[in-house]
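Just so it is clear: chains get the letters A, B, ... in the order the sequence lines come, proteins before strands, and each one is counted from 1. These numbers were taken from a predicted model, which means no experiment stands behind them.
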Amino acid sequence: MSIRVRFAPSPTGFLHVGGLRTALYNYLFARRLGGVAVLRIEDTDRSRFVEGASENIIATLRWAGIEFDESPTNGGAFGPYTQSERLDLYRKHAEILREKGEAYFAFDTAAELETMRQRQKEAKQAIRYDRLHMRNELSLGAEASRELLASDIPRVLRLKVPDSGELRFQDSVRGEIVVQCSEIDDQVLLKSDGFPTYHLANVVDDHLMQISHVIRGEEWLPSTSKHVLLYRAFGWEMPVVAHLPLLLNPDKSKLSKRQGDVAVEDYRAKGYLPAALVNFVALLGWNPTADREIYSLQELIDSFDICKVNKGGAVFDLQKLNWMNTEYVKQLDPADAASLLLPAAREAGYEVSSEYLAQVFVLLRERITFLHDLLSVGDYMFHAPQEFEEKFRSKHWKDGSAALLRPWLARVRESSPFDAAGLHELTAAYVEEQGVGFGKLMNPVRLMITGKGAGAGMFDTMALLGRDESLRRMDHFLDGLAQ
RNA sequence: GGUCCGUUCGUCUAGGGGUUAGGACACCGCUCUUUCAAGGCGGCAGCACGGGUUCGAAUCCCGUACGGACUACCA
């Protein structure tokens with residue numbers, strides 16, 4: 001059997017991080033087994049359609065490095081199948097179902113359905129379409145329905161669910177699931193606007209596209225029994241299903257916008273690296289080994305196993321994501337880091353070369369979570385400090401500091417070459433002579449040059465800044481003191 | 001309310017009859033040190049509960065509790 005999977009988002013907004021993980025697992029599964037992954041846009045709800053959402057989802061998947069293999073127009077591309085372009089297919093199959101007696105038309109109004117639900121709720125009954133008492137082909141009989149069918153009264157097509165019997169299906173993640181037919185609602189298949197519902201379109205497409213494995217979120221588990229019935233009604237073979245555990249808010253409810261960012265777009269905008277986000281999200285619900293956290297996409301592919309996916313939901317923990325991003329930032333090639341950061345640096349008004357940016361990155365990469373932190377954490381690498389951290393000053397700038405600094409400054413002025421090793425050597429000799437520790441001298445130097453109490457090694461910092469700039473800042477500071 | 005699903009440190013997880021229950025994030029301590037990080041070392045902390053099955057249960061079975069999803073002419 002050839003492996004074919006699909007990722008089927010609906011274009012109602014930005015790609016959700018949960019969607020990213022679903023897409024990723026589908027992608028990993030397909031790549032691991034040499035299968036095909038298709039992207040399908042499920043836009044059968046016209047009222048929720050958001051302009052540009054589909055394009056955004058595709059762009060976001062590309063950003064994350066997740067690729068799809070097939071397109072309706074040309075064989076090899078990423079480009080998606082779009083359900084709204086396949087409406088004839090769903091209508092045709094809906095008709096087949098009706099001819100087989102597996103589906104029927106119903107003419108109830110929204111108000112009638114509401115009344116029915118209210119009644120059921122008050123009677124503490126399960127809320128389900130009441131086929132016997134509502135207005136439909138089955139309750140009305142052939143004679144009476146003929147008139148309604150011929151009229152222009154709005155109608156929906158409903159699945160005729162068997163009254164009794166047991167349904168069983170295997171889920172690759174959860175094992176066997178058992179559901180009683182009596183618990184299943186007569187699902188609407190075709191809406192009154194002629195569009196199919198998710199259930200019909202999904203089953204028809206999965207079959208027509210020869211999808212072998214349906215990997216999707218747990219929220220679909222309850223409706224899978226309806227899909228089983230649909231496959232059975234059509235006489236089609238059911239694909240293997242796997243329902244992924246949900247991504248959760250810290251309070252364990254389904255990950256939602258109210259409690260933080262859910263759009264991949266948001267994380268991208270905040271400066272998370274795609275590889276870090278993908279790595280993090282991959283490990284929410286699955287882990288290839290016991291003692292590793294960092295995996296490249298290829299390593300994830302090589303070890304992916306759908307059967308090892310967890311059943312329980314996973315809380316999306318921002319702290320761990322942040323840690324993972326710092327790991328990926330540290331591993332970035334300096335030249336790549338510089339080119340990623342250059343636009344932001346320019347926007348901040350720093351007219352620097354990418355070579356210089358790469359050097360600043362190397363200097364400070366262990367101290368940042370996001371690449372763009374370089375511009376704030378290391379602002380003094382781009383201009384003289386505009387303010388001096390008072391807490392650090394009061395702690396490390398003593399009355400005798402200036403007197404201790406001047407002879408050292410004279411030597412720095414003369415030193416050659418001006419590099420970190422030379423400065424270190426020179427300074428080591430000086431503090432030895434003076435009988436003081438490094439800190440006594442270097443903390444004031446840090447204050448004068450960076451204005452801050454935290455940063456990379458001062459000799460490296462000075463070397464990168466250069467002799468002129470370093471001395472200018474210190475002289476300026478001491479001049480200010482003298483006045 | 002009904003149906004279905006789930007439950008290993010605070011969080012992500014490994015482990016699936018015999019383990020001192022392992023790793024990671026976070027937190028704390030020590031170390032390194034010119035600052036802050038990073039790094040190294042160490043610490044805190046967990047099998048939801050109750051019954052079975054078994055010589056032996058975190059692991060298998062059944063309940064209970066708790067949590068979640070679904071319950072639309074949304075996906």
Side-chain angles (χ1 to χ4, degrees), chain A residues 8-12 42-45 47-48 106 108-110 113 117 120-128 154-158 171 173-174 177-180 182-185 187-199 201-202 216-225 243 245-246 248 250-254 280 283-294 308 310-324 326 330 364-368 377 389 392 395-396 424 427 431 437-447 450 452-459:
Chain A
S10 56
T12 56
E42 308 218 325
D43 58 346
T44 55
D45 183 2
S47 65
R48 292 209 312 160
D108 315 279
T109 63
L113 290 170
R117 292 195 184 102
Q120 290 170 337
K121 199 171 177 182
E122 278 160 22
K124 288 201 185 284
Q125 290 171 325
I127 294 170
R128 255 200 301 279
R155 71 211 60 185
V156 300
L157 188 74
R158 286 183 180 269
D171 184 295
V173 171
R174 283 148 218 284
I177 311 287
V178 183
V179 184
Q180 300 302 321
S182 58
E183 302 293 342
I184 304 171
D185 205 357
Q187 182 62 47
V188 170
L189 265 18
L190 232 39
K191 300 181 245 182
S192 55
D193 65 2
F195 276 61
T197 57
Y198 169 86
H199 307 279
N202 194 263
R216 60 184 9 164
E218 188 187 332
E219 66 269 27
W220 294 108
L221 192 54
S223 48
T224 303
S225 49
H243 288 92
L246 259 18
L248 272 24
D251 72 357
K252 307 260 187 193
S253 58
K254 185 175 171 180
F280 174 70
L283 266 30
L284 255 26
W286 167 71
N287 205 304
T289 56
D291 53 8
R292 253 182 85 188
E293 306 291 326
I294 306 294
K308 286 186 71 182
N310 292 155
K311 298 177 179 70
V315 173
F316 191 92
D317 180 19
L318 210 55
Q319 276 185 322
K320 189 152 184 174
L321 205 211
N322 288 343
W323 166 78
M324 194 156 289
T326 66
K330 275 191 285 188
L364 291 166
R365 64 182 155 194
E366 253 130 50
R367 277 154 257 258
I368 54 175
V377 168
E389 199 175 298
F392 188 69
K395 190 171 175 191
H396 292 290
H424 190 279
T427 307
V431 296
F438 261 95
K440 195 119 180 142
L441 183 72
M442 296 315 290
N443 284 323
V445 170
R446 178 176 300 282
L447 180 72
T450 75
K452 300 194 184 203
M458 270 326 289
F459 301 127

When you compare [N] with [M], how far apart are their [atom1] atoms, in angstrom units rounded to a whole number?
{"N": "rA38(B)", "M": "rU71(B)", "atom1": "P", "value": "45 Å"}
{"N": "rA21(B)", "M": "rA45(B)", "atom1": "P", "value": "14 Å"}
{"N": "rU7(B)", "M": "rU59(B)", "atom1": "P", "value": "12 Å"}
{"N": "rC9(B)", "M": "rC41(B)", "atom1": "P", "value": "26 Å"}
{"N": "rU8(B)", "M": "rC4(B)", "atom1": "C1'", "value": "24 Å"}

Under 3.5 Å, which N/O atoms of the protein pair with N/O atoms of nucleotides 29-31 of chain B?
none

Answer yes or no: is there an ion pair linking K311(A) with E218(A), defined by an N-O contact shorter than 4.0 Å?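 Salt bridge absent between K311(A) and E218(A).
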Can you tell me the distance, in whole Å, between the [atom1] atom of [X] and the [atom2] atom of [N]?
{"X": "L321(A)", "N": "rA26(B)", "atom1": "CG", "atom2": "P", "result": "12 Å"}
{"X": "L283(A)", "N": "rU13(B)", "atom1": "CG", "atom2": "P", "result": "8 Å"}
{"X": "N287(A)", "N": "rU8(B)", "atom1": "CG", "atom2": "C1'", "result": "14 Å"}
{"X": "I177(A)", "N": "rU3(B)", "atom1": "CD1", "atom2": "C1'", "result": "12 Å"}
{"X": "E293(A)", "N": "rA26(B)", "atom1": "CD", "atom2": "C1'", "result": "13 Å"}
{"X": "M324(A)", "N": "rC25(B)", "atom1": "CE", "atom2": "C1'", "result": "9 Å"}
{"X": "K311(A)", "N": "rG6(B)", "atom1": "NZ", "atom2": "P", "result": "6 Å"}
{"X": "D291(A)", "N": "rA14(B)", "atom1": "CG", "atom2": "P", "result": "12 Å"}

Measuring from the side chain of Q319(A) (C-beta onward, heavy atoms only), which nucleotide among rU11(B), rU13(B), rA26(B) has the closest atom?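 Given the options rU11(B), rU13(B), rA26(B), the side chain of Q319(A) is closest to rA26(B).
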Choose from rG23(B), rC5(B), rG2(B) the nucleotide whose nearest atom is closest to any side-chain atom of E183(A). rG2(B)
Contact letters for [range], in which S counts primed atoms plus P, OP1 and OP2 and B counts the base, heavy atoms under 4.0 Å:
{"range": "nucleotides 62-75 of chain B", "result": "------SSSSSBBB"}
{"range": "nucleotides 44-50 of chain B", "result": "-------"}
{"range": "nucleotides 34-42 of chain B", "result": "BBBBSS---"}

Residues two or more places apart in sequence or in another chain: which of them pass ring-ring contact (aromatic ring centres under 6.0 Å, His included) with W220(A)? Y198(A)
Would you give the length of the straight line joining atom CG of L284(A) to atom CG of L246(A), rounded to the nearest 0.5 angstrom?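 Separation between the atoms: 11.5 Å.
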Rounding to 0.5 Å, atoms OG1 (T326(A)) and CD1 (I368(A)) come to a distance of 9.5 Å
Would R48(A) and D45(A) satisfy salt bridge (charged side-chain N to carboxylate O under 4.0 Å, His left out), going step by step from the backbone distance to the final call? CA-CA 6 Å; R48(A) 292 209 312 160; D45(A) 183 2; 3.5 Å; yes
Please name all residues satisfying salt bridge (Lys or Arg N to Asp or Glu O under 4.0 Å) with K191(A), sequence neighbours left out, ordered by chain then number.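 Not a single residue meets the salt bridge (Lys or Arg N to Asp or Glu O under 4.0 Å) criterion with K191(A).
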Specify the residue among G313(A) and A126(A) whose closest nucleotide of RNA chain B lies further upstream toward the 5′ end. A126(A)
Taking all non-hydrogen atoms of both residues into account, name the closest pair between A201(A) and T44(A) and its distance. CB-CG2, 4.3 Å
Donor-acceptor pair, distance only, cut-off 3.5 Å: does the side chain of S10(A) make one with the backbone of T12(A)? no
